[in-house]
Structures are given as structure tokens and as C-alpha cells.
There are 2 protein chains.
Amino acid sequence: MARAAGVAPSTVSYVLSGKRSISEETRRQVEQSVRKLGYHPHAGARALASSRTKVLALVVPLRADLNMAVMMQFVSSVVTAAREHDHDLLLLTKDEGPQGLRRVTSSAIADALIVMDVEAADPRVPVLRSLDRPVVLIGAPDQITPMGLTCVDLDFTAAGASCVGHLADLGHRSIALIGPSPAVYKRGTSFAGRFLRGFTDAAKVRGVRATSHPCAPGYEATRACLDELLAEEPKVTGLIVHNEAVLPAVLTELQRRGRRMPEDLSLIAVCPDAMADNQPVSLTTVAIPATELGEMAVEMIIRQLEQKAPSAPETRLLSPRLTQRASTAPRKS
Amino acid sequence: MARAAGVAPSTVSYVLSGKRSISEETRRQVEQSVRKLGYHPHAGARALASSRTKVLALVVPLRADLNMAVMMQFVSSVVTAAREHDHDLLLLTKDEGPQGLRRVTSSAIADALIVMDVEAADPRVPVLRSLDRPVVLIGAPDQITPMGLTCVDLDFTAAGASCVGHLADLGHRSIALIGPSPAVYKRGTSFAGRFLRGFTDAAKVRGVRATSHPCAPGYEATRACLDELLAEEPKVTGLIVHNEAVLPAVLTELQRRGRRMPEDLSLIAVCPDAMADNQPVSLTTVAIPATELGEMAVEMIIRQLEQKAPSAPETRLLSPRLTQRASTAPRKS
DNA sequence: CTGAAAGCGCTTACAG
DNA sequence: CTGAAAGCGCTTACAG
């Protein structure tokens, strides 16, 4: 390559990296040869010499109880954002555990880590903290920031409160939450707990009756959950569904039971907006901003990589956005 | 590392790779130091010296008209299988196009490529063929094998035929297919066309009436599609849904219109079996074996990497598996 | 059974 | 503004 352009290898390197000024002429010379030969520097050699791989690692959970479609939205937006910043994306699974994280960083496969689905008491947290590479969590575990990790997430507490606020404003006095699978709460996946807390606290403040119903995946579980919920007195007139996997089943069952939306029941779905499109009714939603979160995570990581000094850990919580559509209405008194 | 174990660097390398015999004693010595120091060889250095990265690249489509949940199943199984074979997975998107493939291979970021969603006249095909690295396609484009690429896929032609066969055996004489979005056919994504061909040909052979209804995503499109389909004469009594995204909407709409399953209408869903679980009725399915396909792709790639001589391209088509459940029954005469 | 040495293809101080 | 040289951390013939 260097000889094709009639310059020294170092010059090629400098042209490509822009790390020092180059005369118009040699730059053109080099760029032309690069194009002609379809030259791409050897990634391993570059990594070895520069200690930079230009690879980001994303650790995803592969859990049946988390929604695959939502996961894929995160993955999509992270890989797209990474490429926009001239980085590649390595995919890791949660199954690799703490040692997987060590492997990837200590063998210099990736420069930084984006980690999803961190649980309370997650054994990966201490490792992540000791890694000495930029780390951003998507999803904020309770109490992580003081422990020194950077997170981005939807403000699920505010999201829970905002749902309650909307329903209360519409006059609903008895509301219910269909939440994620019990297994999700049990693992201490904090988004579930935070949403629930926001929901509960806001209900107390607004003086409305509020019950919570975690729901396992599968149609049977959904039906059972609705049985329980609809039997309550006073009658539930406001429903929040914070569980993408069972949302279609909930809608189908409500219809089968003759509960009309919004006449008999107002419903808010907490899910990516794209998902609301496939539903029979235009749903009032609190959006899960998967795409923005993925982009933000990448941008924060890239910024950390650009500055040599490790930046102070921060937590960025996106404010929830509630969009009213046809599935919520004032309570019929 | 080498000094910690009191041996030469080359010895460490040989212990780790197993490429030559080592005395019990030095092996133990080395292994112990490896554990103690948490040593992992530098991936870039290894790649540079050995021309092997131990990284597989997976190229996924990020298209709204392909089902995200199904995509994620493929991704999951590929990454899991790759790790089982001691390889990492780099994720690329279709958006990167032909030059993305060149970039990844010519900069030696990955050893081999697994590519999804290859279309008719896909500009990536000639590039893929010229790449001189193992390539496996998930999803067999028509006419690709003679062009020299290895593929794995479900035998969609047989799948279409098998659906028709099942319904015809049950006595249905007028059947319909709700297929993927028109955009999918237009792109020449071959699974859609192959399924349709199997469906059409088998219907001809069995002498049943058969119509095809591509369906765009979204509830409105689904409703329109059903309007058209249910207006047909003679009345459709057998329905095949080969479109995961609209399946829940189809079921909801059928119920809303008072069409009972299987009394009024027998329905077969073509989708991953996991997806059938979340539906109100236990559905007769032809499974899309995403997990198996991903595993097979990885195994074929790994095998190609192990043998130095490039192996002859082959196409492996999995036979469809139809599982009868509660949504299909003999036609009420 | 093991080691010394060359070399993989870059980047980056060091010189000029 | 540019080049020669060292060095990144491995692997793999080459010797013994």
C-alpha cells in the first residue's frame, strides 16, 4: 500500500488518521491508492499498535421473560449508532457472566462495554467497576451510581407516576397494573420495581386505589391475571400494561369478555411506540424509548473513549412521554 | 506471563493452542500462571500473527417489515452457538451493503460471514462470492447455490405444500394465505416466494381453491386484508398465516367478527413455536426453526474454517414440521 | 520436549 | 511536511 502510493507506511497511517498535517499532494496520492486497492488497515495490527480496537461490546440478556422484539430494538439502535461513530459491535450474552467481561476486555477484543439487564446484586457489577474501561449500563439498577457506574434509562418511576396521573386526571378511582413476569421482579431487575414504586406512590398521593399484578408470559397466565384483576371491587376502570409480551393477549381477552375500550376501561400500554401500531385500538402509551436509549449509550461511551481521563459516573434518566390516544377516556360516572 | 511461568512465550502459546505436546510439568506451570494472572492473549496480536480472529460476523437486516422477535431468535442462537465454538460474534447490518462486507474481511475483523435476508439480485452476492472467506447464508435465495454460496434454510416450498396438504386432508376446499408484506415479495426475498409457490402448486395438485393475500404490517392493513379474504366465494374455511407481525391482529379480528376457530375456520400459523404460546388458541403451526438454523449456520461456518481447502457450496433445507393443535379441524360439511 | 528469532502490519515518538 | 525505526504481543517455522 505504502509503496503503491510512493510514500512511507507512517505517512499512510497519518493520512488515514488525520493525526498530522499532510501536503495536499501526498494526501491525494495516498487517498487514490487507498481507493484503488480497496485498502483497509489490518484491524489486529492497528489494535496491537494503538491499543484501540474500535469495537464496542454489547451484553444482552437472552431471557424468555424479556421481550425479544424490544431487545432487538435496542440491539439495532446500538449497532447503528456504533457504526455511525466508526465502531463495530461485538455481541455478548449475559450467560458469559463476569468472566466473559474479563475475557473481552483483557484480551482487548473491545474498547468498552454496554451492558443491559443488570440486576440487583449482579455479580458482574464489581467486575464492571474494576475493568478500567468505559462502561455504560442501559437500565439503571437501584443504587448503582454511587457505586460508580454510568447508566442511561427511562425514568421508570416517573413513568409509573405519569400513568397514574393520567388516569386519575380522567377521573379513574380504581386502577390496576399488569406488570412484568414475577421472575423479573424476583431477579431484582430494577425497571420493574421502579415503575411499581412510581405507580404505588402516585396512587397514594392521588388517593386512588391501585393494585399490582405481575404476569408471566403465555396466554393462560394472562387470562388468570385478568380474572383476578377484573374481580376486584371497586371495579377497576383504569389499567396499565407494563409487559409487552402479554399486551396482545390482554387486549384479546378484554374484548372476549366484552370490556370495551375506552368506554368500560381505560388502558395505557408501556411499550415502544412501534409496537402500539399493531394493536386493534390506537393505544395511549408511555413510550419505551429503546432507540434513543441505545443511541445515548453509544454516545456516552464514545465520549468516554475520546477523553483519556475517565469521567465521573453519571446517571441519565429520560423523562417519560405519555401520548394520549383512543384507549383512555374520562371515567363514565 | 511467560516469565511468571518461567517458560518461553512460545511455550505459553503452545500450551494454550495445544499445537504441540508439552510435558505435564510445564503445562501445569503455565496453566497455573494463566489462572492466577487471569491471562488472556491479546486478540489483535494473535490475529496479526495467526491470521485468525476467532470472530464470526453476522449480517442482519433491520427492517420494519421483518419481525423483530424472529430476528432476535436468530441472533441469539448464532451468538450462543458461536461462543460454544470459541468464537465471538460481530454484528453488522444490511445497511452497510457490499462495501461493509469488504471492509470487515479485508481489514481482518472477522474470519467468516453469516448473512441473512439475501434478496434476488442482491448486490452483495457477487461480493460475497469473491470474498475468499467462508460464507453461509441463512435463507436460500433462488438460484444461489449454482452461483457458489452455501445456504441453510427452512424448505419453504415444502412448508407451503404441507400447510395445504393438512388443510386439504381435513376436507377444506377453499383456502387462503395471508403472506408477508407486499414489500417483502417485491424485494425478492425468496422465502416468501418459495412458500407461495409451494402453496399454489400443492393447491393445484389437490384441487382446492387457493388465494394469496400479502399483508403489510399494522392493524388497518390486516383488517383490510381480512375483509377481502372473507368476502370470497366459496367461503374460505382454511387459513394460513405466514406473517408473524400480523398474527395477533388476525386472531383478534377473526374473533371480533365472530369467526370461531376451528369451527368456522381452520388456521395454521407459520412462525417460531415459541410465538404460538402467546396466542389465545393453541395454534397448529409450521415451525420456523430459527434456533436450529442459526446453529446449523455456525456449525457449517466453523467446519469450513477448520479445513483449509474451501468446501464445495451446498444448500441445506430443513424439512418443515407441522404440529397439529387446536386451531385446525375437519371442515363442517 | 523446549527455546530463540523472525515476522505478522500497523502506530507513534524521534529526527530532520 | 515527511521518513526510518522501534515496538505493540502474539504464532510458527527453525534448531536443537
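Naming: A, B, ... by sequence-line order, numbering from 1 per chain.
In this model, the phosphate group of D/dT2 is approached by a side-chain N or O of A/Thr26 to a distance below 4.0 Å at OP1 or OP2.
Atom CD in B/Glu24 sits roughly 10 Å away from atom P in C/dT2 (whole-Å rounding).
Remark: side-chain polar atoms of A/Arg133 are paired, donor with acceptor, to backbone N or O of A/Ala110 under 3.5 angstrom.
Partners of A/Asp132 under the salt bridge (Lys or Arg N to Asp or Glu O under 4.0 Å) rule, at least two apart in sequence or in another chain, do not exist in this structure. By the salt bridge (Lys or Arg N to Asp or Glu O under 4.0 Å) test, A/Asp122 is found to be paired with A/Arg124, residues two or more places apart in sequence or in another chain being considered. Partners of A/Asp153 according to the salt bridge (Lys or Arg N to Asp or Glu O under 4.0 Å) rule, which considers only residues two or more places apart in sequence or in another chain, are A/Arg194. With sequence neighbours excluded, no residue forms a ring pair (Phe, Tyr, Trp, His ring centres under 6.0 Å) with B/Phe74. Every salt bridge (Lys or Arg N to Asp or Glu O under 4.0 Å) that B/Lys54 has, sequence neighbours left out, goes to B/Asp86.
Sorted by first then second residue, the side-chain hydrogen bond (donor to acceptor under 3.5 Å, both in side chains) pairs that include residues 25-46 of chain A, not counting sequence neighbours, are A/Ser23-A/Thr26. For the salt bridge (charged side-chain N to carboxylate O under 4.0 Å, His left out) condition, the pairs that include at least one residue of residues 100-113 of chain A, sequence neighbours left out, are A/Glu96-A/Arg103, A/Arg103-B/Asp88.
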Quiz prompt | Heavy-atom protein contacts under 4.0 Å, nucleotides 9-16 of chain C, coded B base, S sugar-phosphate only, - none | solution = BBSBBB--
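Pairs of Watson-Crick or G-U wobble type, with distances under 3.5 Å, assemble into runs of 3 or more in DNA chain D at these ranges: C:1-3 with D:14-16, C:5-12 with D:5-12, C:14-16 with D:1-3.
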